Amino acid sequence: MNIGTITTTPFTDQKPGTSGLRKAVTVFQKPHYLENFVQSIFNSLEGYEGKTLVLGGDGRYYNRQAIQTILKMAAANGIGRILVGCDGILSTPAASCIIRKEEAIGGIILSASHNPGGPNGDFGVKYNISNGGPAPEKVTGAIFENSKTIDSYQILEAADINIDRPGSFKLGTTSVEVIDPVEPYLKLMESLFDFDRLQQLLTSGKFRMCMDSLHAVTGPYARAIFEKRLGAVEGTVINGTPLEDFGGGHPDPNLVYAKGLVDILFGEDAPDFGAASDGDGDRNMILGRNFFVTPSDSLAILTANAHLVPGYSQGLAGVARSMPTSAAVDRVAEKLGIECYETPTGWKFFGNLLDAGKATLCGEESFGTGSNHIREKDGLWAVLFWLNILAVRSESVEDIVRKHWETYGRNFYSRYDYEAVDKERATELMERLRSMVSDMKGTQYGSYQVDYADDFSYTDPVDGSISSKQGIRIGFTDGSRIVFRLSGTGTKGATLRVYLESYQPDKAKQDVDTQKALASLISLADEIAQIRKFTEREAPTVIT
Ligand code: G1P
Ligand code: ZN
């Protein structure tokens, strides 16, 4: 066995963002770039020698090459056993599931989530810790510190491992197991949901669904679960073969990028239920026939109906949502008499709450929902949860949502994204807002009066750590709210996100188009933040 120690020099831009290190593929292809970051991960860990590491990715361009490099580096660094998904495939939720089940020290997941792939697209590396969740800030901070001073990395000189089919190999003294990426995940889903009932629903001939995997990682999972295991007709899963460039698409399950699915669900003879997932399988979009369920509403509805689902029928310890997510779930939590936590954006903030048994369900407005079954958000889990509710209630998606609004009121919600705008100008916009918020309380803007305004800061109730500067919140006395923050996952310039929300308890006023319901708030957002001036954009790139 020959371990090479390769001399290198640091890169200055290896600070992990909201979800790992994301860069253009061409950046990752620079000599030593990937290796430096991976070695920085190992350098920041303690006591990993001889332990198990989970490795896989969303199948995007550069996945296979990166896997071979990381296998050899992990072996050279003394990892005892590496579990790698067949074909290099592991969805983010499946990786989280396997880390937990195998009591691994952690996992390296290769994904840039919903960002486009291919030679001109993005690539990413995330490190997840032993609870199966994204590395918390103290770990990502340590990785970044290491990346700034790194001067060498370790790599085994060895031939590539065949990852095309399951099998066991040795790399030096390290065992490498190429595993079925689906089976452990399917088992976990079977333990949570009523698969007999789901099978009856999907084979009844009275219910049709369409799952769009957007040529990303969930294809093999969705086919195995919906078509093979639950008996849905072949063709239920569309775009089910993972492609290195996602077929040229943008693997983000929203109304803009999953347009094919939207056209099916809003077209003639539409199926009863539609869903899509993103590049690495942790996001979900839920559609009914001619009906879109906002992710914030979805979280609230799953919470309100959790008692119908076997894995959650014992009751929920609490729920958690990210700050920009609408307050729809807060109202359900209040009625159930359980705690509702408000965390900064990013799944990593849910980890402590889940570990401490303070929250059972969590969600973000950005099409992410999940629970304590793993420590990541989970796209197919959300789809199965909805199917389980639909099977028990025998009502349409639209009816379920409308009844929910009737009971709890409706939170109109929309997010405006201004992508790839000038970074300096976007930072100026945020700085200006930051300087304004401290004395905004009480200010009247037309019919809106500011109830509170701040730059969101979060104190973790479990470990006391403080995360500040998490986004500007401006709440009004009528329950509506505007939130501004800059994305932590973009790779070009800056992305400004503006989150708009208003509350309507009156059933007679709930059947209004969201953009119409939010129109005055939208123009107020521009008035307050001068969005058009700072972004030099007349309109957002994406509205969800
Ligand atoms: C975005 C979403 C956030 C999500 C993250 C990773 O981060 O807004 O909710 O956790 O992707 O999927 P952002 O780009 O806003 O920092
Ligand atoms: Zn994702």
Side-chain angles (χ1 to χ4, degrees), residues 15-22 56-60 90-96 109-117 122-126 128 133-135 137 140 213-214 216-218 221 242 246 250-254 257-258 276-285 294-296 299 320-326 342-351 362-370 374-382 413 415-421 426 430 456 467 469-471 483-499 540-542 544:
K15 185 175 169 48
T18 310
S19 186
L21 182 69
R22 274 188 211 174
D58 63 13
R60 67 178 58 227
L90 277 183
S91 74
T92 289
S96 184
I109 307 172
L110 306 176
S111 171
S113 188
H114 49 287
N115 295 19
D122 288 338
F123 190 73
V125 181
K126 303 194 276 187
N128 280 30
E137 279 182 341
T140 53
S213 287
L214 296 171
V217 80
T218 58
Y221 293 85
F246 308 116
H250 200 133
D252 201 359
N254 61 37
Y257 295 127
S277 190
D278 72 329
D280 61 332
D282 55 1
R283 293 185 173 197
N284 72 89
M285 176 168 72
T294 73
S296 296
L299 174 64
R321 64 161 173 87
S322 67
M323 180 272 281
T325 303
S326 96
E342 185 178 28
T343 59
T345 295
W347 207 260
K348 57 181 174 246
F349 294 101
F350 295 136
C362 316
E364 294 192 274
E365 50 64 44
S366 52
F367 299 84
T369 336
I374 52 171
R375 294 295 180 272
E376 287 277 5
K377 55 188 178 249
D378 190 344
L380 291 176
W381 168 91
Y413 190 84
R415 183 176 106 183
Y416 281 31
D417 293 333
Y418 298 80
E419 293 176 343
V421 298
M430 291 301 292
F456 182 58
S467 305
K469 293 193 167 184
Q470 296 296 323
V483 172
F484 301 89
R485 60 178 283 280
L486 295 185
S487 156
T489 60
T491 52
K492 288 187 198 84
T495 292
L496 170 71
R497 303 203 195 285
V498 184
Y499 309 80
T541 333
V542 179
T544 40

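Atoms within a ligand are numbered from 1 in the order they appear, just like the ligands themselves. All figures in this text were calculated on a predicted structure; none of them were measured in a lab.
Heavy atoms of Ser487 found under 4.0 angstrom from ligand 1 belong to the backbone as well as the side chain. Residue contacts with ligand 1 for Arg415 involve side-chain atoms from C-beta outward but no N, CA, C or O (heavy atoms, distance under 4.0 Å).
In this structure, atom 11 (O) of ligand 1 lies nearest to the protein heavy atom Arg283 NH2, 3.0 Å. Given atom 7 (O) of ligand 1, the protein heavy atom at minimum distance is Thr489 CG2, 3.5 Å.
Residue contacts with ligand 1: Ser366 is placed with a nitrogen or oxygen under 3.5 Å of a nitrogen or oxygen of the ligand (distance criterion only). At least one N/O-N/O distance between Arg485 and ligand 1 falls below 3.5 Å. The shortest N or O to N or O distance between Ser19 and ligand 1 is not below 3.5 Å. For a threshold of 3.5 Å applied to N or O pairs, the pair formed by Arg497 and ligand 1 contains at least one separation below that value.
Within Asp282, OD1 is the N, O or S atom that lies nearest to the Zn ion (ligand 2). Per residue Asp278, closest N, O or S atom to the Zn ion (ligand 2): atom name OD2. For Asp280, the N/O/S atom at the shortest distance from the Zn ion (ligand 2) is named OD1.
In summary, the atoms of ligand 1 found under 4.0 Å from a heavy atom of Glu364, numbered by their order in the structure, are 3 (C), 4 (C), 9 (O), 10 (O). Close contacts between ligand 1 and Lys377 involve ligand atoms 4 (C), 6 (C), 10 (O), 12 (O) [criterion: under 4.0 Å to a heavy atom].
In summary, no N, O or S atom of Asp58 is located under 2.8 Å from the Zn ion (ligand 2). The Zn ion (ligand 2) has no N, O or S atom of Thr92 inside 2.8 Å of it.
At least one side-chain heavy atom of Glu376 sits less than 4.5 Å from a side-chain heavy atom of Asn128.
Using a 30° and 60° split on the angle between ring planes, Tyr413 and Tyr499 fall in the tilted class, from 30° to 60°.
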